There are 2 protein chains.
Amino acid sequence: MKSTRPTIDDIARESGVSTGTVSRVLNGHSTVASRTRERVQDVIARLGYAPDPAARHLSWRTGQTLGISFERDDPVLHPYSVLFRRALEAHTAPQGVQLMDLRADLSRLTRLPSAVLVMHAMDGDPRLNFLRDRGVPAVLIGHQPDFFWVAPDDVGGAELATRHLTGAGHRQLAFLGQGPSQVAQDRERGALAAALTAGAQIISIASDFTVLGGYRAVRRAWESGVRFTGLFAQSDESAAGAVAALQDLGVNVPGQVSVVGFDGLPELPINLRLTTVAQDIPRIASTALTLVQEAIVGLPPRGEFIEVQLIRGATVAPFPGGKI
Amino acid sequence: MKSTRPTIDDIARESGVSTGTVSRVLNGHSTVASRTRERVQDVIARLGYAPDPAARHLSWRTGQTLGISFERDDPVLHPYSVLFRRALEAHTAPQGVQLMDLRADLSRLTRLPSAVLVMHAMDGDPRLNFLRDRGVPAVLIGHQPDFFWVAPDDVGGAELATRHLTGAGHRQLAFLGQGPSQVAQDRERGALAAALTAGAQIISIASDFTVLGGYRAVRRAWESGVRFTGLFAQSDESAAGAVAALQDLGVNVPGQVSVVGFDGLPELPINLRLTTVAQDIPRIASTALTLVQEAIVGLPPRGEFIEVQLIRGATVAPFPGGKI
DNA sequence: ATAGTGATTGTAACCGCTTACAATTTCGCA
DNA sequence: TGCGAAATTGTAAGCGGTTACAATCACTAT
């Protein structure tokens with residue numbers, strides 16, 4: 001029963017060709033007859049073969065690297081980035097692919113990575129031109145035509161969250177997180193659209209996505225008389241801050257105000273069963289890696305939205321008269 | 001000029017032995033005459049040779065793994081953990097050593113790592129026995145006799161921070177962070193000792209090490225009448241929260257209250273030139289890895305404190321009459 | 001001296017994959 | 001139908017280590 005992983009020899013034998021040919025199929029060398037290529041690929045798929053990264057490394061005399069470029073230099077520490085990076089690592093590490101954190105400024109990189117993941121690129125981001133010029137395959141996290149990209153369905157998720165609140169009977173809503181980033185805008189857009197459709201009022205409160213940012217924004221707003229019974233925050237962290245602020249103000253959550261977050265971070269510092277819209281970070285990461293492969297091979301660019309999912313926690317209650 | 005990395009053959013030739021012998025030296029096999037061993041080691045050092053991880057991996061049929069066990073399951077997301085992990089990665093990734101995040105509960109690990117880094121072990125931590133029983137080399141981050149360990153000088157750092165405040169003339173101090181962990185206790189101990197020595201008053205305010213935790217604790221304390229002109233926080237994050245709280249209360253920092261943090265996190269979410277006691281995280285990480293090697297080879301356990309350093313930011317001002 | 005030991009060291013066969021080069025097959029066309 | 005060029009495939013030599021096994025060596029007990 002203790003079968004060992006198949007090697008290139010197994011594939012060669014099983015498909016009646018030489019290891020050289022299998023290797024050529026593996027590396028997309030064009031000098032393989034298509035009939036042969038298909039046969040070999042079938043066998044590879046059937047036997048679930050994957051080339052040993054260490055052996056390739058040894059033979060190539062160099063390993064593969066994947067760069068991650070963040071929009072600014074600091075967000076490396078934000079929980080979402082950390083989780084995303086970790087999800088990537090789960091796939092790349094066993095493949096011997098080394099992750100490199102890239103500063104926002106890509107120019108004068110001593111050694112170019114084999115490919116780059118660009119986080120949250122804005123329109124006309126200089127990083128994109130740079131990579132294009134250098135011929136480095138790139139995949140964006142966030143959506144942008146003419147590129148490989150993958151992103152969570154921010155608009156849809158925001159609608160989902162907002163509908164969850166209106167569905168529970170809330171009519172006075174607030175969106176926490178107004179801001180210039182594509183993500184913030186998409187989420188605000190979805191929230192406003194859903195509120196409009198449901199005939200509910202919604203007010204936007206400016207805030208970054210941090211815990212303290214959410215706390216201060218909500219506390220200030222509430223103290224200055226802003227009122228709502230349902231709050232949708234653009235991030236779980238600001239949602240956590242919002243809950244804390246409301247508690248400190250003597251407002252019961254979810255008794256008086258219901259709160260929904262976004263991201264689905266599993267482990268927030270604050271202990272709280274937050275109702276939230278969860279992103280499928282592992283899936284975003286693995287999709288990104290698939291796209292990287294496609295980009296390297298030179299397929300035409302495409303993008304993909306990854307579905308989000310509502311997680312029912314303990315921070316939403318029906319408004320008197322509404323159902324949850 | 002484009003010399004290539006030396007290989008095991010270079011070492012063998014240069015020291016007049018066979019590759020087999022070099023390899024045996026490399027792996028600490030006892031069957032090498034000590035004179036030969038030394039000669040080979042000299043050459044290795046002189047030529048700056050390091051075995052190619054990919055080649056070893058191929059030959060061993062398996063790679064090396066280094067586990068990191070956190071004290072609880074969540075702190076994986078805390079900035080300090082992230083930075084520490086990243087510092088480790090900078091060394092391990094090029095070596096082909098794979099980092100594994102370990103849950104606090106180590107039992108029923110499907111595959112044991114080659115060695116484990118244990119973060120913040122408490123006295124009699126069950127993880128330590130587990131590892132000892134399984135014969136897995138372990139290095140602790142934090143200090144504990146009879147083990148390999150490395151830790152920042154928490155007590156000394158706290159003294160440094162506190163003396164910085166008393167030196168600036170402050171006599172009414174507060175320590176933010178009182179808690180049960182070894183780290184919190186060491187830092188509190190250092191702070192109390194230094195305050196005592198300087199003849200200053202100091203009060204402890206309980207708080208976790210998060211931004212919001214610091215914010216709420218300080219705000220509550222201040223609102224209930226607690227007063228101080230110098231605050232030493234056990235973490236940069238809680239220090240940042242404290243500063244925010246004081247600002248919100250209309251207290252000027254550093255005009256009315258001076259604040260010192262701990263950790264030296266380079267990029268806090270809050271924008272702030274914090275005066276802080278910086279840990280040398282890269283050095284802690286590389287020391288930990290050195291100790292891992294020693295533990296694997298079977299040397300006797302030892303520990304090391306890593307110096308900390310005061311970073312003068314913009315959150316400390318002299319108390320009228322004091323000098324800074 | 002001399003065979004018998006244990007301690008050291010050298011030799012060479014892998015580990016799994018890539019690739020230059022040689023060998024073979026397939027075709028287009030005279 | 002025959003020939004050379006092009007297309008395809010096979011062969012084998014590495015890549016940089018590890019390690020089982022054989023070969024030496026230095027001594028000790030006859």
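Atoms considered below: every heavy atom in the structure, side chains included; atoms not considered: hydrogens, waters and symmetry mates. Note that the structure is predicted; figures quoted are calculated from it, not measured.
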Can you tell me if the side-chain N/O atoms of B/Arg5 get under 4.0 Å from OP1 or OP2 in D/dG16?
-> no
Taking 4.0 angstrom as the limit, do B/Arg283 and B/Glu307 come out as a salt bridge?
-> no
Nearest to side-chain heavy atoms of B/Ile8, which nucleotide of D/dC15, D/dG17, D/dT9 | D/dG17
Looking across every strand, which nucleic acid part, if any, lies under 4.0 Å from B/Asp9 by heavy atom: base, sugar-phosphate, or nothing?
-> nothing
To the nearest angstrom, how far is B/Asp52 atom CG from D/dC15 atom C1'?
-> 8 Å
Would you call A/Asp101 and B/Arg86 a salt bridge, using N to O less than 4.0 angstrom?
-> yes
Pick base, sugar-phosphate or nothing for B/Val22, based on heavy-atom distances below 4.0 Å to the nucleic acid.
-> nothing
Less than 4.5 Å apart, any side-chain heavy atom of B/Tyr49 and any of B/Leu26?
-> yes
First and last nt of DNA chain C near chain A, cut-off under 4.0 Å to heavy atoms, 5' to 3', are C/dG16 to C/dA20
Spacing of A/Arg56 atom CZ relative to D/dG16 atom C1', expressed in whole Å | 18 Å
Quick one: is D/dT8 close enough that its OP1 or OP2 comes under 4.0 Å of any side-chain N or O from A/Arg24?
-> no
Residue set satisfying side chain to side chain contact (heavy atoms under 4.5 Å, CB included) with A/Leu66, at least two apart, ordered chain then number -> A/Thr92, A/Val97, A/Leu99, A/Ala115, A/Leu117, A/Leu289, A/Val292
Nearest 0.5 Å please: distance from the CE atom of A/Met119 over to the OH atom of A/Tyr80.
-> 6.0 Å
Of A/Ser59 and B/Ser18, whose closest DNA chain C nucleotide lies nearer the 5' terminus?
-> B/Ser18
Using atom CH2 of B/Trp60 as one end and atom C1' of D/dG17 as the other, report the distance to the nearest whole Å.
-> 9 Å
Could you state the NE2-P distance from B/His29 to D/dG17, rounded to the nearest angstrom?
-> 15 Å
Measure the spacing between CZ of B/Arg24 and OG1 of B/Thr31 and express it to the nearest 0.5 Å.
-> 5.5 Å
Assign A/Thr21 to base, sugar-phosphate, or nothing according to its heavy-atom contacts below 4.0 angstrom with the strands shown.
-> sugar-phosphate
Nearest 0.5 Å please: distance from the CD1 atom of B/Ile296 over to the CG atom of B/Asn27.
-> 11.0 Å
Could you check whether A/Thr7 gets within reach of a base, just the sugar-phosphate, or nothing at all, counting any heavy atom under 4.0 Å?
-> sugar-phosphate
